[in-house]
Amino acid sequence: MQMTLNVQATEDRHFKMANRDKGKELEEEIYDKVVDLTEYAKRQRWWNRLFGKNSGPVAEKYSVATQIAIGGVSGWCAGYLFQKVGKVAATSVGGGLLLLQIANNSGYIQVDWKRVEKDVNKAKKQLKKGTNQAGPELNTFMEKTQEFVKKNIVVTSGFIGGFLLGLAS
């Protein structure tokens, strides 16, 4: 009886070890397929047109999950701060305009509306002249931004998602 139990326990251990080995082999096989898939995607023309030949230095140092986590956490922090600062700024501007309107109606302030209209029209003319041509600084900034996003697409997408979550919280 005891010999039968020992034989059965030994068989169970061999079965468990075989299953562990199969599990490790399966994990390695899945990992290899995922790596092959990423390499395949990088060789495609649409991937190279959209993201460039290299996904950047960040992609070489950290795993995709780490990049998404870093981008998501930093995006959430930025979105949360943007939300709080935006509320304070909106309250300040709105309160200031309200106080100016109350002061105007009470007679503490006299507004020269003709002068305001003249200044607004002058500003409109200047804006119309300047809208046709964008400054070279703006073009350079946009090119650098596009290059950064292409090289760090995973971190950027994590940041955008985190930023939206930070705004919502």
Side-chain angles (χ1 to χ4, degrees), residues 27 30-31 33-169:
E27 283 180 18
I30 290 172
Y31 179 77
K33 286 183 180 180
V34 170
V35 171
D36 289 343
L37 182 62
T38 56
E39 292 301 320
Y40 172 77
K42 285 182 180 180
R43 288 192 301 263
Q44 298 304 310
R45 258 193 270 161
W46 64 270
W47 180 273
N48 291 334
R49 263 188 274 135
L50 190 61
F51 302 118
K53 295 238 184 238
N54 186 358
S55 293
V58 174
E60 296 167 2
K61 291 181 184 175
Y62 302 106
S63 69
V64 174
T66 305
Q67 292 179 55
I68 290 175
I70 290 170
V73 169
S74 61
W76 183 85
C77 291
Y80 186 77
L81 288 174
F82 187 78
Q83 174 198 28
K84 296 299 179 186
V85 170
K87 283 182 181 179
V88 169
T91 303
S92 300
V93 170
L97 290 174
L98 181 66
L99 288 175
L100 284 175
Q101 189 63 32
I102 291 171
N104 183 31
N105 287 338
S106 300
Y108 290 110
I109 299 174
Q110 290 295 330
V111 178
D112 185 5
W113 288 109
K114 290 183 181 183
R115 184 172 177 190
V116 171
E117 185 178 353
K118 184 178 88 175
D119 288 345
V120 167
N121 288 334
K122 184 178 176 183
K124 279 184 186 178
K125 288 179 185 176
Q126 286 179 347
L127 283 174
K128 284 183 182 178
K129 288 180 184 177
T131 55
N132 293 337
Q133 50 191 345
E137 304 89 25
L138 181 63
N139 291 335
T140 304
F141 175 74
M142 290 302 292
E143 289 171 3
K144 286 182 180 179
T145 303
Q146 287 175 345
E147 183 179 333
F148 176 81
V149 169
K150 285 180 181 179
K151 284 187 176 180
N152 301 298
I153 189 69
V154 178
V155 175
T156 305
S157 60
F159 181 86
I160 291 169
F163 185 81
L164 294 175
L165 286 174
L167 280 178
S169 62

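What's counted below: heavy atoms across the whole structure, side chains too, no hydrogens, waters or symmetry copies.
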Not counting sequence neighbours, which residues clear side chain to side chain contact (heavy atoms under 4.5 Å, CB included) with [X]? List them please.
X      : value
Asp112 : Lys114, Arg115
Lys144 : Thr140
Ile160 : Thr156, Leu164

By side-chain hydrogen bond (donor to acceptor under 3.5 Å, both in side chains), which residues pair with Thr66, not counting sequence neighbours? Ser63
Taking all non-hydrogen atoms of both residues into account, name the closest pair between Gln83 and Leu167 and its distance. NE2-O, 3.4 Å
Smallest heavy-atom separation, Asn104 atom then Ile109 atom, equals OD1-O, 3.1 Å
How would you list all residue pairs meeting ring pair (Phe, Tyr, Trp, His ring centres under 6.0 Å) that involve residues 75-122, not counting sequence neighbours? Trp76-Tyr80, Phe82-Phe163
Side chains of residues 87-100: which donor-acceptor pairs under 3.5 Å do they make with residues two or more places apart or in other chains?
from	atom 1	to	atom 2	distance (Å)
Thr91	OG1	Lys87	O	2.8
Ser92	OG	Val88	O	2.9

Would the distance check show the side chain of Ser169 and the main-chain N or O of Gly166 forming a donor-acceptor pair, the cut-off being under 3.5 Å? yes
What's the separation between atom CD1 in Ile70 and atom OG in Ser74, rounded to the nearest 0.5 Å? 8.0 Å
